[in-house]
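The structure appears below as structure tokens.
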There are 2 protein chains.
Amino acid sequence: MLKLTRKVEYALIALRHMQGKELESVSSTKEIAVRYNIPIEILAKTLQHLAKENIIEPINGPHGGYRLKAQLGDINLVEFFERVEGPLGLSDCFYDSNCVQIDYCNIRTPIQRINANMMSMFRSMSVQDVTN
Amino acid sequence: MLKLTRKVEYALIALRHMQGKELESVSSTKEIAVRYNIPIEILAKTLQHLAKENIIEPINGPHGGYRLKAQLGDINLVEFFERVEGPLGLSDCFYDSNCVQIDYCNIRTPIQRINANMMSMFRSMSVQDVTN
DNA sequence: TTTATATCCGATAGATTCTGTCGTATATAT
DNA sequence: ATATATACGACAGAATCTATCGGATATAAA
């Protein structure tokens with residue numbers, strides 16, 4: 001409950017890795033996978049996803065890899081989590097409402113308040129707060 | 001990702017239900033299950049768990065059920081989540097460390113900072129903030 | 001004392017999500 | 001050409017979440 005997914009963690013590890021290098025320099029999937037002991041195939045998918053989101057830029061071919069493209073300070077954590085994992089919320093009913101309790105639920109409003117607090121907390125931090 | 005479990009939601013729904021009634025009055029599992037459209041067996045388990053945690057008090061026999069026992073204002077949300085679901089944290093490595101990345105991880109410290117923020121946010125709210 | 005209505009509790013099954021793997025295609029530097 | 005990268009859909013295994021089943025104990029009331 002209330003945990004990050006591996007995918008988000010792998011993404012952050014990779015971004016921090018890239019952040020630690022010179023701006024133009026390129027990091028390959030293999031390099032990162034070996035360095036941090038991450039299964040290469042799943043890291044590959046994660047990086048492809050970040051590339052599709054224009055957060056990193058892919059370089060094809062030998063000596064290729066990825067380098068940072070977006071300003072990590074401009075992406076807050078709610079935005080980042082949603083771009084990597086989709087809609088965010090303490091309960092599904094805040095973005096998709098096929099919950100059988102929805103018509104009777106007596107805690108929807110208070111939970112939504114807490115959810116707003118959580119969102120606001122994550123929104124107050126940027127990806128760079130993690131990768132620096 | 002970052003969602004509450006049904007068990008926690010059912011527990012909160014039940015507590016709010018009890019909170020809305022007179023102090024001495026008793027609510028049965030069936031009454032709550034029907035009222036909020038919750039599978040009765042799983043709600044039963046949840047209430048038994050809350051009883052073991054001394055948050056509610058069981059009354060056996062016909063016309064039995066449960067009534068509030070603890071002061072809900074005294075239980076903060078971190079404590080509540082942990083009493084219902086066990087250890088809490090954005091990543092497992094904050095309370096149990098068989099993560100294969102642990103020796104190489106470059107984001108453990110920043111994530112722990114975010115985790116501390118989240119904990120502090122949940123600690124600043126009590127169960128009563130949800131059930132009132 | 002029997003009966004009906006509750007809680008109690010371990011075992012298990014089903015569903016969903018999370019995590020990781022495989023195979024194949026495409027791009028490009030040397 | 002070849003070697004080394006990314007791209008990507010399909011699938012498989014694992015873990016967690018959610019729900020169900022069966023049978024036990026407790027007690028109020030007929």
Side-chain angles (χ1 to χ4, degrees), chain A residues 1-11 13-14 18 25-34 36-67 69 81 84-88 90-92 96 98-101, chain B residues 1-11 13-14 18 25-34 37-53 55-67 69 81 84-88 90-92 96 98-101:
Chain A
M1 190 179 93
L2 292 173
K3 284 212 293 268
L4 301 177
T5 60
R6 286 297 199 182
K7 191 172 174 189
V8 163
E9 293 178 341
Y10 295 159
I13 286 173
M18 294 179 204
S25 84
V26 162
S27 311
S28 75
T29 303
K30 191 177 174 189
E31 166 190 338
I32 299 174
V34 168
Y36 300 100
N37 203 23
I38 299 171
I40 191 165
E41 291 295 348
I42 201 170
L43 177 63
K45 290 237 151 129
T46 304
L47 296 178
Q48 284 156 29
H49 187 153
L50 291 179
K52 273 205 150 182
E53 288 290 334
N54 284 304
I55 295 171
I56 58 180
E57 176 188 21
I59 312 283
N60 264 325
H63 311 303
Y66 299 91
R67 61 185 168 205
K69 187 172 181 189
F81 292 159
V84 173
E85 286 289 357
L88 197 62
L90 281 178
S91 300
D92 285 345
D96 146 333
N98 52 3
C99 171
V100 298
Q101 272 82 39
Chain B
M1 189 179 94
L2 292 173
K3 284 213 294 266
L4 300 177
T5 60
R6 285 297 199 184
K7 191 172 175 189
V8 162
E9 292 178 342
Y10 294 159
I13 287 173
M18 296 179 202
S25 85
V26 162
S27 310
S28 75
T29 303
K30 191 177 174 188
E31 165 191 338
I32 299 174
V34 168
N37 203 24
I38 299 171
I40 191 164
E41 292 294 348
I42 201 170
L43 178 64
K45 288 240 150 119
T46 304
L47 297 178
Q48 284 156 30
H49 188 154
L50 291 179
K52 273 205 151 180
E53 289 289 335
I55 294 171
I56 59 180
E57 175 188 24
I59 312 283
N60 264 325
H63 311 303
Y66 299 91
R67 61 185 167 204
K69 187 171 180 189
F81 292 160
V84 173
E85 287 288 356
L88 196 63
L90 280 178
S91 300
D92 285 345
D96 147 332
N98 52 2
C99 172
V100 298
Q101 272 82 40

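Sequence lines set the chain letters: A, B, ... in the order given, protein chains first and strands last, and positions in each chain run from 1. Predicted model, so just to flag it, every value in this text is computed and none were measured.
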request  = Round to a whole Å and report the spacing from NE2 of A/His63 to P of D/dA3.
outcome  = 14 Å

request  = Using whole Å, report how far CD of A/Glu57 lies from P of D/dT6.
outcome  = 13 Å

task = Would you indicate, yes or no, if C/dG20 has its OP1 or OP2 atom less than 4.0 angstrom from a side-chain nitrogen or oxygen of A/Tyr10?
result = yes

task = Look at the side chain of A/Lys7 against the base of C/dG20 and say whether a donor-acceptor pair falls under 3.5 Å; ignore hydrogens and angles.
result = no

task = Let me know the distance between CD1 of A/Ile59 and C1' of C/dA27, rounded to the nearest Å.
result = 12 Å

task = Specify the separation, in whole Å, of atom CD of B/Glu41 and atom P of C/dA11.
result = 16 Å

query = Toward the 5' end of DNA chain D, which comes first, A/Pro58 or A/Lys3, by nearest nucleotide?
reply = A/Pro58

message = Any heavy-atom pair between the side chains of A/Tyr66 and A/Gln48 that's under 4.5 Å?
response = yes

ask   = At under 4.0 Å between heavy atoms, what does A/Lys52 touch on the DNA or RNA strands: base, sugar-phosphate, or nothing?
value = sugar-phosphate

request  = In whole angstrom, give the distance that lies between atom CG of A/Leu2 and atom P of D/dC17.
outcome  = 10 Å

task = Provide, to the nearest angstrom, the distance between the CD1 atom belonging to B/Ile40 and the P atom belonging to D/dT20.
result = 11 Å

task = Using the closest heavy atom to pick a nucleotide of DNA chain C for each, name whichever of A/Arg6 or B/Gln48 lands nearer the 5' end.
result = B/Gln48

task = Rounded to the nearest angstrom, tell me the gap between atom CG in B/Asn37 and atom P in D/dA19.
result = 10 Å

Options D/dT6, C/dT21, C/dA6, nucleotide nearest the side-chain atoms of A/Asn60 = D/dT6

ask   = About how many Å separate CD of A/Glu85 and OG1 of A/Thr5, when rounded to the nearest 0.5 Å?
value = 3.5 Å

ask   = Would you say B/Tyr66 reaches C/dA6's phosphate, i.e. side-chain N/O to OP1/OP2 under 4.0 Å?
value = no

inquiry  = Closest approach to the side chain of B/Lys45, judged atom by atom: which nucleotide of C/dT21, D/dA19, C/dA11 is it?
reply    = C/dA11

task = Calculate the interatomic distance between B/Leu47 atom CG and C/dA6 atom P; express it in whole Å.
result = 14 Å

query = For A/Glu53, what residues pass the salt bridge (charged side-chain N to carboxylate O under 4.0 Å, His left out) criterion, not counting sequence neighbours?
reply = A/Arg83

inquiry  = Closest approach to the side chain of B/Ile42, judged atom by atom: which nucleotide of D/dA28, D/dA19, C/dT28 is it?
reply    = D/dA19

task = Please determine, for the side chain of A/Thr5, which listed nucleotide (C/dG23, C/dT19, C/dG20) has the closest atom?
result = C/dT19

task = To the nearest 0.5 Å, tell me how far A/Leu90 CG sits from B/Leu4 CG.
result = 4.5 Å

inquiry  = Nearest to the side chain of B/Ser28, heavy atoms from C-beta on, is which of C/dG20, C/dA6, C/dA4?
reply    = C/dA6

query = Name the one of A/Leu47, A/Val26, A/Ile55, A/Leu50 that satisfies side chain to side chain contact (heavy atoms under 4.5 Å, CB included) with A/Met18?
reply = A/Leu47

